[in-house]
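All values below were derived from every heavy atom in this structure, side-chain atoms included, with hydrogens, water molecules and symmetry-related copies excluded.
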Amino acid sequence: MQPFIAFDVETPNCRNNRISAIGITVIQNGKITQSTGTLINPETHFDYFNMELTGITPEAVENAPTFPELWDSIKDVFENNVLLAHNAPFDMSVLSKCLTDYDLPHPDFLKYACTCNMARRFFPRMERRGLHDMCDYYNIPLNHHRADSDALACAELLLRYISEGRDVLPFIRTYDVNQKRTLRI
């Protein structure tokens with residue numbers, strides 16, 4: 001099985017061009033091999049809505065690394081693997097906006113897959129397919145809107161789909177980081 005990097009981002013405000021937390025879970029050979037999360041100092045203002053949703057405040061991130069500081073340590077993993085997220089277009093957009101907002105060197109294209117798109121195809125009669133809904137369905141623990149928990153839950157979803165014999169490879173897409181959009185095949 002191809003390696004996947006499940007990730008989830010939390011944002012400080014509605015502009016969605018900065019990240020206040022990131023969760024990363026590595027899936028290799030059909031197993032979760034690493035899972036981590038960290039707060040990030042987004043160096044920008046926080047909206048009340050985002051603070052209420054995520055529990056992340058300016059005080060919580062004041063001593064956290066900035067995204068450029070963190071990117072150096074995660075760049076290779078993100079550039080050389082298939083990224084995975086639930087509602088991936090959002091997370092991919094935030095990642096690309098953050099990379100371009102900070103003017104960081106980045107690849108023009110990233111491979112990704114979306115467990116929410118998979119759920120829509122695999123469970124056409126299910127009314128709701130959000131991360132919380134899918135975790136309830138599979139009895140996966142979730143502390144929603146906590147980046148590390150969301151990334152781990154997304155990885156667990158992928159492994160459940162695969163264990164049920166579902167083909168996830170057709171869901172891999174290419175994201176144009178500069179244009180901030182998925183390429184059409």
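In this structure, Phe171 CZ and Cys116 SG are separated by 11.0 Å, a value rounded to the nearest 0.5 Å. In this structure, Asn50 CG and Glu52 CD are separated by 10.5 Å, a value rounded to the nearest 0.5 Å. Atom OG1 of Thr25 sits about 10.0 Å away from atom CG of Asp150, to the nearest 0.5 Å.
Tested against Thr115 for a side chain to side chain contact (heavy atoms under 4.5 Å, CB included), the candidates Val168, Asn87, Leu157 yield a single pass: Leu157. The only member of Tyr175, Phe7, Phe109, Tyr112 that meets ring pair (Phe, Tyr, Trp, His ring centres under 6.0 Å) when paired with Phe78 is Phe7. None of Thr100, Leu83, Ile22 except one satisfies the side chain to side chain contact (heavy atoms under 4.5 Å, CB included) rule with Leu95; the exception is Leu83. Exactly one residue among Ile27, Ile140, Leu142 makes a side chain to side chain contact (heavy atoms under 4.5 Å, CB included) with Glu156. That residue is Ile140.
No continuous path of ILVMFWY side-chain contacts below 4.5 Å connects Leu159 to Val26, so the two sit in separate hydrophobic clusters. Linking Ile, Leu, Val, Met, Phe, Trp and Tyr residues whenever their side-chain heavy atoms come within less than 4.5 Å places Val9 and Leu110 in a single cluster.
For Tyr161 (side chain) and Asp167 (main-chain N/O), no donor-acceptor pair under 3.5 Å exists by modelled atom type. A distance-only check finds a donor-acceptor pair linking the side chain of Ser20 to the backbone of Glu10 [under 3.5 Å]. Side-chain N or O atoms of Asp148 include none that pairs as donor or acceptor with a backbone N or O of Gly23 at under 3.5 Å. Looking only at distances, no side-chain donor or acceptor of Arg120 sits under 3.5 Å from a matching main-chain atom of Arg129.
When the shell of 6.0 Å around CG of Asn139 is examined, it contains 12 or fewer heavy atoms from other residues, nucleotides or ligands. Within 6.0 Å of atom CZ in Arg166, more than 12 heavy atoms from other residues, nucleotides or ligands are found, so the atom counts as buried in its surroundings.
No side-chain N or O of Asn41 forms a donor-acceptor pair with one of Thr66 less than 3.5 Å apart. Side-chain contact, Asp108 with Asn178: a donor N or O sits under 3.5 Å from an acceptor N or O. The closest side-chain donor-acceptor pair between Asp176 and Thr182, if any, does not fall under 3.5 angstrom. Side-chain contact of Arg18 with Tyr102: a donor-acceptor pair under 3.5 Å is present, judged by distance alone. Looking only at atom types and distance, the side chain of Thr54 has no donor-acceptor partner in the side chain of His145 under 3.5 Å away.
In this view, Lys97 satisfies the side chain to side chain donor-acceptor pair (under 3.5 Å) rule with no residue, not counting sequence neighbours.
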Evaluation steps, side chain to side chain contact (heavy atoms under 4.5 Å, CB included), between Met118 and Leu84
CA-CA 11 Å; Met118 293 175 196; Leu84 180 74; 4.2 Å; yes
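The two atoms that bring Pro12 and His45 nearest to each other are CB-O, 3.7 Å, heavy atoms only. The two residues Asn16 and Phe90 make their nearest non-hydrogen contact at ND2-CE1, 3.6 Å. Heavy atoms only, all atoms of each residue included: Arg173 and Pro170 are closest at NH1-O, 2.8 Å. Here the shortest heavy-atom pairing between Ala113 and Val82 reads N-CG1, 4.1 Å. The minimum heavy-atom distance between His106 and Leu104, with the atom names listed, is ND1-O, 2.7 Å.
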